[in-house]
Number of protein chains: 2
Amino acid sequence: MIEDEKLEIRPKAPRAVRTLTDLANIAGVSAGTVSRALAGNSLVNTKTRDRIQALAREYGFQPNQMASKLRRQKTGVIGVIIPLGHDRRQQISDSFFMTLLGHLADELTEKGYDLMLRRVVPERDEDWLDRFIGSGMIDGVIVIGQSNQFERIEEVADGYLPMVVWGNHQEGQRHCVVGADNRLGGRLATERLIAAGATRIAFLGDTAPFEFAARFAGAQDVASRLGASLRAVSTHLSPEQTRKEIAGFLSRHHTEIDGIFAASDSIAFAAMQELRRLRIAVPDAIKLVGFDDLPIASQTIPPLTTIHQDIMAGAQGLVELLLRRLKGEATESLVLPPRLVVRGTA
Amino acid sequence: MIEDEKLEIRPKAPRAVRTLTDLANIAGVSAGTVSRALAGNSLVNTKTRDRIQALAREYGFQPNQMASKLRRQKTGVIGVIIPLGHDRRQQISDSFFMTLLGHLADELTEKGYDLMLRRVVPERDEDWLDRFIGSGMIDGVIVIGQSNQFERIEEVADGYLPMVVWGNHQEGQRHCVVGADNRLGGRLATERLIAAGATRIAFLGDTAPFEFAARFAGAQDVASRLGASLRAVSTHLSPEQTRKEIAGFLSRHHTEIDGIFAASDSIAFAAMQELRRLRIAVPDAIKLVGFDDLPIASQTIPPLTTIHQDIMAGAQGLVELLLRRLKGEATESLVLPPRLVVRGTA
DNA sequence: AATCATTTTGCAATCGTTTGCAAACAAGCG
DNA sequence: CGCTTGTTTGCAAACGATTGCAAAATGATT
């Protein structure tokens with residue numbers, strides 16, 4: 001009889017027990033005790049702790065996070081911010097970043113943190129990074145991609161420790177970064193192109209972002225050393241735009257080249273498609289190497305030769321370094337080795 | 001001279017002015033007034049408002065969000081939660097969900113909300129949804145994908161208004177959902193296969209998730225009506241696993257079919273690759289239709305015939321409905337029309 | 001039974017904003 | 001000049017959890 005009543009009281013009722021005090025009243029103790037009990041604090045008697053925890057479960061009580069965070073001055077939330085280029089669509093569909101984000105979510109969850117995602121267009125908002133950090137909503141921040149904001153990030157890094165960035169490592173930089181050795185990757189790609197017989201190479205992709213610039217620099221290292229010619233064909237912004245630029249370049253200049261180093265797999269795919277439209281044989285007439293090794297890279301025809309980046313290791317590195325920085329440690333950057341994957345296009 | 005000093009005071013100092021009261025002291029007013037001034041409240045004199053806002057900018061002051069949220073009892077944060085199947089990797093790299101997420105981030109940002117991302121494995125955590133909602137950190141929640149949690153979501157929907165789900169619409173369901181008409185999509189795909197000459201069709205994909213089940217149901221509608229045979233080849237979980245299962249099925253049974261309806265483009269890609277390995281001509285020997293119309297679908301060889309879903313419209317719909325629900329409106333579900341895109345595989 | 005050491009508990013201050021209410025002030029009018 | 005309207009401001013009470021400190025309860029020991 002009593003139990004029946006109990007069962008009927010709970011459902012639908014507008015959550016009668018919403019605060020520590022509510023639960024404390026029910027349990028016949030003080031709010032402080034409830035707080036300690038739920039925190040598993042050893043200061044509270046084992047028996048009352050269990051009783052209170054049971055009660056909390058029964059009434060579906062969860063302490064208000066906002067109040068908790070305010071009081072403890074930490075949020076348990078890590079911010080992940082993606083700076084976009086001028087065109088906001090630039091990286092939205094970039095599967096590389098999106099995959100990285102997925103792994104980050106998993107890693108952070110595992111460590112007990114929540115993830116707050118923000119995408120910003122730095123050009124439109126000077127203070128994009130400071131604002132996120134100063135918002136008081138996050139304990140630390142992971143920046144995905146340096147875009148063209150290297151300087152801004154450096155400035156912030158001087159005064160703000162818990163920040164880790166995915167991107168390229170520059171000699172002597174002050175912010176902690178995790179990323180592949182893009183320059184080495186560029187070298188590997190170009191060496192492969194030349195080994196496959198290419199001598200007149202085009203680099204396809206926007207050279208403004210640091211990651212891409214480093215890939216191009218690596219290509220330059222090798223090209224000049226091995227006596228191949230190299231030209232940069234800078235593409236811009238949105239995928240459609242990029243595709244048009246690639247199409248334009250290829251239709252006009254394809255006879256002048258016999259190798260393409262694409263700054264990313266996405267760009268490589270676009271190039272492949274255009275080459276097919278122009279009935280230019282890959283790899284016979286033009287060799288092609290990409291960068292990233294997205295899952296689909298192995299599924300194109302011919303499968304794409306590319307530079308592999310270990311995304312999961314990257315995500316793990318980002319999180320681990322950030323957690324150490326949250327503890328006050330100053331950490332080194334982490335540079336991951338890229339790996340050439342030879343498939344069918346070069 | 002004075003200005004020089006001003007410049008030197010600010011940098012590096014551990015943010016001397018961190019609270020409303022700090023700023024209030026500087027401005028010579030009370031904290032309440034500063035609060036109102038920064039909120040652009042009309043109750044405060046225009047002149048003092050401007051003065052305070054200038055001061056705030058000068059000192060880089062940002063009110064503490066945690067305190068603000070606690071006091072106002074709303075967070076300005078929308079939770080986005082992705083329930084994963086048994087295998088956590090299942091959907092992580094699913095570019096469809098990831099792209100949807102990107103668009104959601106944009107839409108929410110535009111409306112002034114922040115986005116908190118959480119990925120969960122419902123099997124491991126019974127209360128995944130309640131816990132997120134009850135955490136007090138979010139004003140509303142968007143669930144991406146029903147996975148196999150339809151019932152759980154229904155239950156929650158009864159007591160919690162500000163929730164919108166991406167997924168499939170079932171007759172008479174109680175939670176508000178946005179998604180393509182999967183059944184119709186399944187019909188379109190199958191009709192196309194049959195029109196292209198297929199009579200013995202295999203459906204490739206896990207039929208447990210509601211979206212996929214509906215696609216299969218659509219296929220059944222058409223197959224039985226038009227006299228084609230249809231068998232479901234249920235794949236499971238992780239991409240590698242899926243690939244193996246597909247390979248196994250095709251190598252053993254490819255002679256028994258002449259058409260494949262893949263539950264998603266990703267699955268279609270895997271099938272294509274396997275068919276190529278087996279030297280089975282597409283679409284000559286076997287016709288193939290996918291679902292989603294991912295960007296790469298147009299770039300395979302031959303380009304993939306598939307069912308197009310408008311992801312951006314989906315994201316906009318989710319956000320718009322959620323905002324209306326936050327205002328207390330009860331909203332209808334939104335079913336988006338899928339569209340057959342005929343390319344080279346059927 | 002009294003004293004002391006040790007757990008457990010309650011009290012009350014605190015985190016930093018927001019906001020209802022009332023006080024202070026200015027302005028308009030007879 | 002006094003009185004009635006408006007504007008602007010300040011005061012102080014929330015919001016709900018955490019935690020140092022002291023009080024109370026318990027147990028151990030003589």
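We name chains A, B, ... by the order of the sequence lines, and we start the count at 1 in each one.
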*Pro162(A): what forms a side-chain contact (heavy atoms from CB on, under 4.5 Å) with it, not counting sequence neighbours?*
Tyr160(A), Leu322(A), Leu326(A)
*Whole-Å gap separating P (dT17(C)) and NZ (Lys69(A))*: 18 Å
*Send over the distance from Lys74(B) NZ to dC15(D) C1', rounded to a whole Å.*
15 Å
*Nucleotide by nucleotide, 5' to 3', does protein get under 4.0 Å of the base (B), only the sugar-phosphate (S), or neither (-) in nucleotides 6-16 of chain C, counting heavy atoms?*
--BBBB-BBBB
*Return the set of residues passing ring-ring contact (aromatic ring centres under 6.0 Å, His included) with Tyr113(B) (not counting sequence neighbours), or none when no residue passes.*
none
*Go through the steps to decide whether Leu101(B) and Val80(B) satisfy the test side chain to side chain contact (heavy atoms under 4.5 Å, CB included), and finish with yes or no.*
CA-CA 8 Å; Leu101(B) 179 62; Val80(B) 173; 4.0 Å; yes
_Stepwise side chain to side chain donor-acceptor pair (under 3.5 Å) test for Arg324(B) and Thr331(B)_ = CA-CA 7 Å; Arg324(B) 290 193 7 220; Thr331(B) 60; 5.6 Å; no
*Would you tell me if any nitrogen or oxygen in the side chain of Ser35(A) comes within less than 4.0 Å of OP1 or OP2 on dA17(D)?*
no
*Can you tell me if CD on Glu329(A) sees more than 12 non-hydrogen neighbours from other groups inside 6.0 Å?*
yes
